[in-house]
Every structure is written in structure tokens, then in C-alpha cells.
Amino acid sequence: MYTLVINCGSSSLKFQLIHTESEEVMAIGLCERIGIEGSKVTYQRKGEEKSVTEASMPTHKEAVKIMQKLLTDEQSGMIKTLNEVRAVGHRVAHGGEIFTSSALITEETLKAIEECCALAPLHNPASLTGIRACKELMPETPMVAVFDTAFHQTMPEMSYLYGIPYEYYEKYKVRRYGFHGTSHSYVSMRAANYLNRNYEGMKIVVCHLGNGSSISAVQNGKSVDTSMGFTPLEGLLMGTRSGDIDPGAMQFLMMKEDLTIAEMLDVLNRKSGVLGVSGVSSDFRDIMKAAEEGNHRAQTALDSFTYRVVKYIGAYAAAMGGIDAIVFTAGVGENDESMRKKICNQLAFLGIAVNEEANSKRGSEQLISTADSKVAVLVIPTNEELAIARETISIVQ
Ligand code: AMP
């Protein structure tokens, strides 16, 4: 049997067909520009070349139909009918305070996800459309919602409350939620497993460093703090997102540049971060290249990024009263050995030492600290789809 993992963005639908027992990825697809001109589908069957085709997809419903066709097609498919799919796992961005774990999708679950739409107005409606379209095609197949926020629901009040009038939390649920939960949970658990240690007895800092980046403090198997907040804008400098900024600076800029709230938020979400500082790109590889060629702003962007990562790790070490392990994951965390080395060197005061040879390896789970390092440092490739598939199967079973 197979597990189908679906991740709907506001204008995209990603899917993976995973063999339930072997956990092999059988097929992978991406429907892009849904509802926008020029929509296209990228599809790759296990062991074959990628294909890219244009297809009309006015809504997510058409995208789901295309996914079905690709997966069951005589030529391109991996299965004869969708009946071979044991369960579907849907990634859902925001579960608010309602969902502290993944949930079997029922009418009640859908209503509750709808209630969370106000907290993620771009993402949750897209997930709901995707779920409904799938349910129409596969009414008998059990489906599970896996939330980006759920893992962080264990944070104590002192971590998740903002220092604003408490009534705003009571009335509107304005608080820190945190995101990338599936990744933080998966890699922290894998790290404990790799080290052969009891997950429930460890203090771990997870650095999910990609285009979107967040750090979390995982104590005794539970998230106790994380850098993203009410939205995924808070915390680290990211590809295009500013991370932490004084709200007073926003008011100042809005007046100076005559910006609306929406325009200001667009600047903070799409034109800031390492792109904004460097003026080069949001892609770390481009920025590194420019820095090597002597571009000062590119170097500053990298330094600011590294500095903030180090600051958060230090803060979380203090918050947990020490750390047993630091885990690097996602595009930058998994691939950029020089960034990892710089971060770890700045943390030498914690007794952290990096094994250069191990740090230069790529593509697999690695312990990159030396045998006498006081803190274990690991690279654990994240695999959100696999984590969602496992979660889905454990819930439907
Ligand atoms: P993600 O959002 O997790 O897919 O990560 C995307 C980011 O990872 C992009 O900014 C890439 O530039 C970065 N990345 C991927 N490979 C490398 C690499 N070898 N060195 C540095 N950054 C990388």
C-alpha cells in the first residue's frame, strides 16, 4: 500500500507517493501557478527523468485531478487506482491552539481548520481546498491533517505570550505559535536516535536554516521555545524575510515612504532578510559567491544571518540551562559547511568543537562535533514528507 502526502500552498500543490512499508518515494509532483496564467506540472516517477508540462489549473481542484491522472496513468503512473492509497496526509500550516497534534480529518476537523483561517489567511484556505478536492476523489480513504504549528503547542506561557495587553491574547489569540514543527520534531527525534540517547531526557537546539529559517529549543522531547512567532516573519534573518524588527521602525518607514500596512508587510516578507541586506539575491549560494568576490553587503548579510543564529542558540542554551545537542537541517543547514563551522566556532565558549572532516560530508545524517566536544553537533537532513507519511499512518492505524 501507499501513503500520499499533499502540501497545498496558496498557488501550488506538492505531492509525494510513498510506499508505506519500505518508505520509498515512488513519485513526486508539483503543480505550480494554480489560478495564475502559465500553470505547469512537474512530475517524476521513481528512477525516471523529471517531466514538465503546461496544464490549465484554475483552482486546486484541477490540480488534484491532474495528480490523480499522473499517478494512475498507464504510462506515467505508479498505481492502477487511487484505492491503492492507504491514507492521505495533508500538511496544514496553522492549527492555532486547537491542534496540539495531527488529526484524522472529519467534518469537525475541517471546521476547526476553518476557524484557524484567520491566523493563516493565505495558507489554511489552500489546504482546505486541497483536502476537500481529495475527499471528493477518494471519499473512502482516511486522511490526516499534520500541522506546522502543532509541535510547538507544548511551549509554556512565558515563551509564547507577547508583552502586550493580555486581552489581545484572550480575544484574538495573538501569541507565538512557531512553524516548521514537523521538521523540528523529526530532526530532533532523529538526533536523539543517532546519539542513542533518550529523547525525553535531552536538551536540543534545532536550527532549520533554509529560505525560511527557524530555531527551536526542544527539552525532554517537547518544544519549549521557537524563533518564529504569530506568523513565520519573526526570528532569524531569512531569504527574504526580515525576522525580528522593532515595530517602531515600521511606523517610521511607513510615514517616510508613504507605505500602507500591506506594502510594509510585503517589504518585510519579500524584500528583506539576506536579499534586502545584500541586494544580491535571496539564495545563499549567490550571496556567498558575491561575498567571495568582495561584495561588502553580501558579506554583511551572511555575517548578520550567522550572528542571529548564534544569538538564538545562546538564548536557548540559557533558557534550557544548557544544551546536549545542536542539529542543523534544511537547505543551508544541511549543505553549507562553512556556515556551520562559523556558527560552531562562535560557540566555542560552550565547549563546542567541530570535526572538520565529518563537517565536510554531505547528504546523510552526520555527527560533526569532535569526540571531546561538550555538545554534540549533528547534521540531520529534514524529510517533512516522510515525517507526515509516518504520522499519517500512525494516526489511521
Ligand atoms: P530550503 O528552503 O530548505 O530549500 O533551502 C534553500 C536555501 O538553501 C537556498 O538559499 C540555497 O541557496 C541554500 N543552499 C542550498 N545548497 C546550498 C549550499 N551548497 N551552500 C549554501 N547554501 C545552500
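In each ligand, atom 1 is the first atom listed, and ligand 1 is the first ligand listed.
For atom 19 (N) of ligand 1, a protein non-hydrogen atom is found at a distance below 4.0 Å.
Between D283 and ligand 1, a contact under 3.5 Å exists for at least one N or O pair. Residue D336 has no nitrogen or oxygen atom sitting less than 3.5 Å from a nitrogen or oxygen atom of ligand 1, judged on distance alone.
Aromatic pair F284/F305: centroids less than 6.0 angstrom apart.
Of all atoms in ligand 1, listed by their number and element, those nearer than 4.0 Å to a heavy atom of A330 are 3 (O). Taking every heavy atom of R362 and a limit of under 4.0 angstrom, the matching atoms of ligand 1 come to 19 (N).
The closest protein non-hydrogen atom to atom 13 (C) of ligand 1 is V332 CG2, 3.7 Å. Here the heavy atom of the protein found nearest to atom 6 (C) of ligand 1 is N211 N, 3.7 Å. Counting only heavy atoms of the protein, atom 10 (O) of ligand 1 lies nearest to F284 N, 3.2 Å. Remark: minimum distance from atom 17 (C) of ligand 1 to any protein heavy atom is reached at N335 CB, 3.5 Å.
A cation-pi arrangement is absent between K171 and Y169, since the terminal nitrogen or guanidinium carbon is not both under 6.0 Å from the aromatic centre and inside a 45° cone about the axis.
With distances taken over non-hydrogen atoms, the option nearest atom 14 (N) of ligand 1 out of G331, G210, G333 is G331.
At a heavy-atom cutoff of 4.0 Å, ligand 1 is contacted by no atom of E337, backbone or side chain.
Between R132 and E136, no side-chain nitrogen of the basic residue sits less than 4.0 Å from a carboxylate oxygen of the acidic one, so the salt-bridge criterion is not met. One finds a salt bridge joining D303 and K342 here, because a Lys/Arg side-chain nitrogen approaches an Asp/Glu carboxylate oxygen to under 4.0 Å. Salt-bridge check for R176 with E234: passed, with a basic side-chain N closer than 4.0 Å to an acidic carboxylate O.
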>> Run K289 and E293 through salt bridge (Lys or Arg N to Asp or Glu O under 4.0 Å) and show every step you take.
In response: CA-CA 6 Å; K289 189 165 171 283; E293 287 163 6; 3.3 Å; yes
> Can R175 and E97 be said to form a salt bridge (Lys or Arg N to Asp or Glu O under 4.0 Å), step by step?
Replying inline: CA-CA 10 Å; R175 50 159 286 181; E97 286 189 327; 2.8 Å; yes
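Linking Ile, Leu, Val, Met, Phe, Trp and Tyr whenever their side-chain heavy atoms come within less than 4.5 Å leaves M155 and F179 in two separate clusters.
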